[in-house]
Amino acid sequence: MGKKQLVLVGNGMAGVRAIEEILSVAKDEFQITIFGAEPHPNYNRILLSKVLQGDTDIKDITLNDWDWYEENNIQLYTNETVIKVDTENKTVITDADRIQPYDELILATGSVPFILPIPGADKKGVTAFRDIKDTDTMLAASKQYKKAAVIGGGLLGLEAARGLLNLGMDVSVIHLAPFLMERQLDATAGRLLQNELEKQGMTFLLEKQTEEIVGDDRVEGLRFKDGTSIEADLVVMAVGIRPNTTLGAESGIPVNRGIIVNDYMQTEIPHIYAVGECAEHRGIAYGLVAPLYEQAKVLAKHMCGIETKPYEGSVLSTQLKVSGVEVFSAGDFNESEEKKAIKVFDEQDGIYKKIVLRGNQIVGAVLFGDSSEGNRLFSMIQKEADISETSKISILQPLSQEAGTSITAAMSDDEIICGCNGVSKGAIIQAIQEKGCSSTDEIKACTGASRSCGGCKPLVEEILQHTLGSDFDASAQKEAICGCTTLSRDEVVEEIKAKGLSHTREVMNVLGWKTPEGCSKCRPALNYYLGMINPTKYEDDRTSRFVNERMHANIQKDGTYSVVPRMYGGVTNSTDLRKIADVVDKYEIPLVKMTGGQRIDLIGVKKEDLPKVWEDLDMPSGYAYGKTLRTVKTCVGEQFCRFGTQDSMALGIALEKKFEGLNTPHKVKMAVSACPRNCAESGIKDLGVVGIDGGWELYVGGNGGTHLRAGDLLMKVKTNEEVLEYAGAYLQYYRETANYLERTSAWLERVGLSHVQSVLNDPEKRQELNGRMNETLSVHKDPWKDFLEDKQTSKELFENVVTTS
Amino acid sequence: MVNKDVTKVCIGKIEELPEQLGKTVYIEDKELAVFKLSDGSIRAIENRCPHKGGVLAEGIVSGQYVFCPMHDWKISLEDGIVQEPDHGCVKTYETLIEGEHVYLVY
């Protein structure tokens with residue numbers, strides 16, 4: 001007899017989690033088949049808002065990649081929807097007319113977004129926010145349209161709104177209730193949240209009921225019940241979800257709000273289970289992730305005939321994933337006759353904390369402004385901890401060392417610590433004891449805990465501390481440069497200087513690296529620090545360079561490269577353009593494109609062609625691949641522009657010629673605009689220069705990438721020479737004090753603008769910094785020319801071996 | 001007993017392979033990444049990361065591991081196994097050093 005057939009309907013977080021639990025207790029008992037309506041493998045739906053906000057990529061939120069299904073012998077049908085369960089013959093039938101028999105069936109059909117039944121809801125430009133497809137719709141709309149309206153001021157609506165704001169849209173949030181997130185927050189916290197989000201640029205229309213979505217084919221606006229209206233060309237409906245019970249109901253499985261299950265996740269039909277958002281347990285259908293993990297565990301054990309505690313429901317906690325806002329809520333957070341609250345409200349710092357007690361038991365909490373205590377309070381709420389022994393106010397204080405028993409110590413091993421990745425306390429302890437992890441970073445690498453949203457990091461650290469006991473090394477918890485060492489960036493730099501270390505291998509050796517040859521994080525960092533400290537004597541270690549900086553070209557996904565020749569200040573001429581055109585023809589380069597930094601990018605060059613392409617171009621490297629000065633973007637300026645007050649091209653060219661090829665902790669982008677109209681976008685550059693009447697303004701720490709940041713005005717100067725002098729001192733100070741891979745935007749926020757100003761305004765320090773900068777610049781050689789002279793290296797790096805048999 | 005066919009192909013001199021770096025090697029329809037480790041020994045694996053098909057020959061080599069240049073997956077050069085927290089495996093190939101020449105056996 002073959003294995004028993006196990007079929008899962010719904011390839012999402014809850015269902016696949018149940019399969020993982022089943023595999024972990026009974027690896028070979030079942031032949032598993034999974035049906036998923038979406039075209040993707042299982043991904044972390046919760047993090048879609050982070051994708052929309054630009055903090056992460058779709059590929060990084062995949063939980064189980066295609067290989068996982070293959071390795072576990074799971075038959076996966078994506079893009080295929082189960083339309084009926086034949087409970088009599090024990091088969092499921094799909095929209096591709098497939099009939100799949102089962103011995104055991106799990107329904108994990110999730111939930112569907114609730115779409116308001118109002119006129120116009122079917123217009124183009126109206127979307128929900130539930131899956132990758134919706135996210136793509138919003139991303140695409142943001143490129144073409146400007147005005148977004150989000151209906152629903154709950155968790156999901158606000159996360160969507162923040163994402164759309166990041167994508168450059170004007171965002172209005174329409175909400176029926178008098179304050180935001182009324183299902184998770186009280187009125188005080190809701191209003192604080194509103195204030196904060198208004199500061200970030202959101203507009204709120206509260207106590208508004210949408211009556212109609214207007215427009216022709218595509219949405220053009222919203223009309224409300226009170227007669228008012230707004231314009232919008234994208235509408236996101238985030239008014240709630242309802243369990244997806246269609247399949248269950250049509251197949252005769254008893255359904256109420258969700259598919260009804262007992263304490264072992266069984267439906268009323270034998271051999272059919274339901275789990276996750278589609279299931280209704282004791283009258284509740286959960287819409288958050290943590291309960292799903294608990295349910296999956298009980299389901300798996302029960303199905304495999306292993307004794308298990310029944311599932312008895314979950315206490316919920318939520319955390320809003322919006323950058324710059326800390327909001328946490330858990331349990332029963334509204335006070336009443338028998339429930340009293342303790343509140344702390346620091347209006348000055350915008351911090352609000354409330355815990356709700358029933359007698360001496362803590363049953364709920366709301367935190368705004370500082371949610372670092374969230375995990376600890378949540379554990380206390382889950383346990384309905386008795387706080388009569390503790391002074392009431394101290395419960396709202398950070399946990400101090402001597403505060404007695406820790407919360408994680410009292411947790412059982414199967415309690416989930418990392419909700420995003422479903423990592424239990426037991427798994428973390430195992431990583432510490434059996435795999436030798438001794439820092440939160442190592443635990444992250446080993447188990448995935450705190451890899452996604454990072455909210456559980458304090459708990460992971462606490463477990464680490466308790467598991468290691470006296471072996472716990474607090475110093476290891478400072479920001480080590482990677483898992484190979486416990487030393488921080490500053491300590492490593494100090495040791496290199498003090499001990500006169502001169503090679504990456506020597507650093508790792510002398511400073512007791514755990515891995516003899518380091519890793520892809522520390523090696524490039526050490527190589528940078530060594531070169532920064534000893535610019536003229538240090539010999540660059542190309543084996544410690546990331547591919548692009550080793551090859552001096554930008555690797556593409558197919559293993560070809562892109563080549564960007566230098567064009568100082570973005571100014572070119574007919575000779576260079578002819579050479580470029582000839583090279584494109586000769587080497588059949590498939591794509592020629594302008595870069596964002598005003599350069600020409602030749603994309604799709606074969607590795608073995610690179611040296612020949614460089615030779616034919618006979619132009620310096622544009623360094624479009626390096627942690628170095630990329631480009632100085634310029635506007636036309638006073639030479640031709642009727643508004644230009646300064647010669648922006650000349651200054652841009654001078655800056656680029658002076659600093660080209662400089663190794664920096666991360667890439668550095670510059671721009672020079674000739675007037676405050678700022679056509680070269682100087683406001684979002686690591687160093688941006690803006691011409692004013694009689695001088696220049698210098699802006700620093702600007703960034704136009706993932707973490708959009710406007711530059712801060714460093715100072716105003718009068719002459720080009722002063723620009724170069726301050727630019728040199730600023731860049732050198734950044735080089736000497738930033739962590740490797742820290743952009744000026746993050747660095748400036750860390751060290752502070754006024755601190756940098758005070759350093760640069762000290763003439764002596766400025767001179768010293770420029771001295772070291774000039775010493776560093778004195779050894780620069782064009783890398784492409786270098787390769788042409790050094791045939792040996794060129795051969796080693798760019799030639800392939802082709803055998804003939 | 002099955003008599004297995006084994007092919008041995010010379011891929012060059014050992015001194016021509018750069019230390020702690022990879023080399024792209026084409027054999028018939030196969031594309032391999034061949035590495036000379038810091039101890040002078042040679043490893044050969046399939047030149048495609050199981051994640052998104054990144055070329056492994058250009059990765060940073062640390063000890064017995066290579067880091068894929070595309071998304072930093074860490075792959076063992078001994079058995080081709082992708083290290084935690086990622087999962088997967090690449091094919092490994094046997095190599096031989098005879099005199100000053102390096103051979104691939106497959």
Side-chain angles (χ1 to χ4, degrees), chain A residues 57 59-60 62 64-68 70-71 421 423 431 435 442-449 451 484 505 508 513 515-524 541-548 550-551 555-561 607-608 792-793 795-805, chain B residues 7-13 15-28 30-39 47-74 82-89 102-104:
Chain A
D57 274 341
K59 68 171 168 29
D60 293 327
T62 300
N64 303 80
D65 58 16
W66 302 107
D67 290 345
W68 177 84
E70 212 175 291
E71 281 159 21
N421 297 301
V423 184
K435 297 184 182 166
E442 286 174 5
I443 292 170
K444 175 163 69 181
C446 199
T447 65
R451 191 191 193 188
C484 301
R505 203 169 297 172
M508 295 188 279
W513 245 239
T515 44
E517 294 182 9
C519 71
S520 56
K521 283 185 189 62
C522 59
R523 288 256 300 279
D541 171 19
R542 62 187 157 97
T543 68
S544 293
R545 286 279 191 179
F546 173 64
V547 53
N548 290 354
R550 186 183 333 125
M551 312 295 268
I555 196 163
Q556 305 298 306
K557 67 178 197 178
D558 61 355
T560 63
Y561 290 81
K607 178 172 76 179
E608 56 274 24
Q792 171 70 22
T793 303
K795 187 176 172 204
E796 283 180 5
L797 290 180
F798 302 108
E799 274 185 21
N800 299 321
V801 173
V802 181
T803 62
T804 43
S805 50
Chain B
T7 317
K8 195 171 110 180
V9 177
C10 177
I11 57 169
K13 289 185 180 170
E15 63 181 40
E16 287 169 353
L17 292 173
E19 194 169 291
Q20 265 199 302
L21 289 175
K23 191 85 180 159
T24 309
V25 176
Y26 293 94
I27 296 182
E28 292 167 8
K30 287 188 264 291
E31 185 181 329
L32 313 183
V34 176
F35 300 91
K36 180 154 92 179
L37 307 187
S38 51
D39 63 5
N47 194 25
R48 285 287 174 266
C49 179
H51 180 217
K52 299 262 161 125
V55 285
L56 299 171
E58 266 73 58
I60 289 181
V61 183
S62 279
Q64 315 293 317
Y65 301 98
V66 64
F67 292 86
C68 175
M70 295 292 159
H71 306 100
D72 209 31
W73 278 31
K74 184 181 180 183
V82 175
Q83 305 297 298
E84 297 273 346
D86 303 305
H87 300 282
C89 186
V102 181
Y103 295 87
L104 216 104

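Numbers restart at 1 for each chain; the letters A, B, ... are given by sequence-line order, proteins then strands.
- Your options are Ser544(A), Gly518(A), Pro516(A), and the one with the most heavy-atom pairs under 4.5 Å with chain B is Gly518(A).
- Both the backbone and the side chain of Cys519(A) come within contact range of chain B, each with at least one heavy atom under 4.5 Å from a heavy atom of that chain.
- The existence of a salt bridge linking Lys36(B) and Glu796(A) is excluded, since no basic side-chain nitrogen approaches an acidic carboxylate oxygen closer than 4.0 Å.
- In terms of modelled atom types and a separation under 3.5 Å, the side chain of Arg542(A) and the main chain of Arg550(A) share no donor-acceptor contact.
- Both the sub-6.0 Å distance and the 45° axial angle are not jointly satisfied by Lys74(B) relative to the ring of Phe67(B).
- Surrounding NZ of Lys52(B) are more than 12 heavy atoms belonging to other residues, nucleotides or ligands, all under 6.0 Å away.
- A distance-only check finds a donor-acceptor pair linking the side chain of Asp65(A) to the backbone of Trp68(A) [under 3.5 Å].
- No other option in His87(B), Gln20(B), Glu84(B) has as many heavy-atom pairs under 4.5 Å with chain A as Gln20(B).
- Looking at Thr515(A), there are no atoms closer than 4.5 Å to chain B (heavy atoms on both sides), in backbone or side chain.
- With Arg505(A) contributing its side chain and Glu517(A) its backbone, the two residues share no donor-acceptor pair below 3.5 Å.
- Put simply, of Ile555(A), Asp558(A), Thr543(A), the one with the most heavy-atom pairs under 4.5 Å next to chain B is Thr543(A).
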Worksheet item: Hey, mind stepping through Glu58(B) and Lys607(A) against salt bridge (charged side-chain N to carboxylate O under 4.0 Å, His left out) and telling me if it holds?
Response: CA-CA 11 Å; Glu58(B) 266 73 58; Lys607(A) 178 172 76 179; 3.0 Å; yes
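- Contact annotation for Lys521(A): only side-chain heavy atoms (C-beta onward) come within less than 4.5 Å of a heavy atom of chain B.
- Proximity to chain A is limited to the backbone of Val61(B), based on heavy atoms less than 4.5 angstrom apart.
- Contacts between Tyr26(B) and chain A at a heavy-atom distance below 4.5 Å involve backbone atoms as well as side-chain atoms.
- Of the possible polar contacts, one joining the Thr447(A) side chain to the Ile443(A) backbone as a donor-acceptor pair under 3.5 Å is found.
- Arg48(B) has a carboxylate O that lies under 4.0 Å from a charged side-chain N of Glu31(B), or vice versa, which qualifies the two as a salt bridge.
- Of the residues considered (Leu104(B), Val34(B), Ile11(B), Leu17(B)), Ile11(B) shows the highest number of contacts with chain A, using heavy-atom pairs under 4.5 Å.
- At a 4.5 Å heavy-atom cutoff, Asn47(B) makes no contact with chain A through either its backbone or its side chain.
- For Cys10(B), the part lying near chain A is the backbone, with the side chain staying farther off; criterion is any non-hydrogen pair under 4.5 Å.
- Of the two parts of Glu71(A), only the side chain, counted from C-beta on, holds a non-hydrogen atom closer than 4.5 Å to a non-hydrogen atom of chain B.
- Contacts between Gln83(B) and chain A at a heavy-atom distance below 4.5 Å are absent for every atom of the residue.
- Residue Glu70(A): no heavy atom, backbone or side chain, is found under 4.5 Å from chain B.
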